[in-house]
Amino acid sequence: MKTRQGFTVGAVAAALLLGVAGCSGMSAQGKNTAVGAGVGAVGGAVLTGGSAAGTVGGAAVGGIIGHEVSK
């Protein structure tokens, strides 16, 4: 189970880094939304032991928080 959780967190972190690298033309609000979604996905994966629902839920909540912070 630990291996799966480590793989999930690593995959989400890699996707976040690649996604943020492509954000040069995005607005500050768009960047904050993307970063919030990535951080939320990692947090959700860690808190739920790597479950898909936890990862997606964390990404959704993190994206909303990132979007609202930049208003």
Side-chain angles (χ1 to χ4, degrees):
M1 191 62 135
K2 289 259 186 198
T3 303
R4 187 173 120 188
Q5 181 179 1
F7 176 75
T8 301
V9 171
V12 170
L16 174 65
L17 289 175
L18 289 173
V20 171
C23 293
S24 62
M26 291 178 69
S27 67
Q29 189 172 28
K31 289 179 185 177
N32 289 342
T33 302
V35 169
V39 170
V42 170
V46 169
L47 291 175
T48 61
S51 79
T55 303
V56 171
V61 171
I64 291 169
I65 291 171
H67 183 267
E68 293 300 314
V69 163
S70 58
K71 280 190 172 182

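One is the number of the first residue; the rest follow in order along the sequence. Keep in mind that the numbers below use all heavy atoms, side chains included, and drop hydrogens, waters and symmetry copies.
- Residues V56 and V42 are members of separate hydrophobic clusters, defined by side-chain heavy-atom contacts under 4.5 angstrom among Ile, Leu, Val, Met, Phe, Trp and Tyr.
- Closest of all the heavy-atom pairs between S51 and G54 is OG-N, 3.0 Å.
- Note that CG of L47 is 10.0 Å distant from OG1 of T55, once rounded to the nearest 0.5 Å.
- One distance of note links CD of Q29 with CD of E68; it measures 7.5 Å at 0.5 Å rounding.
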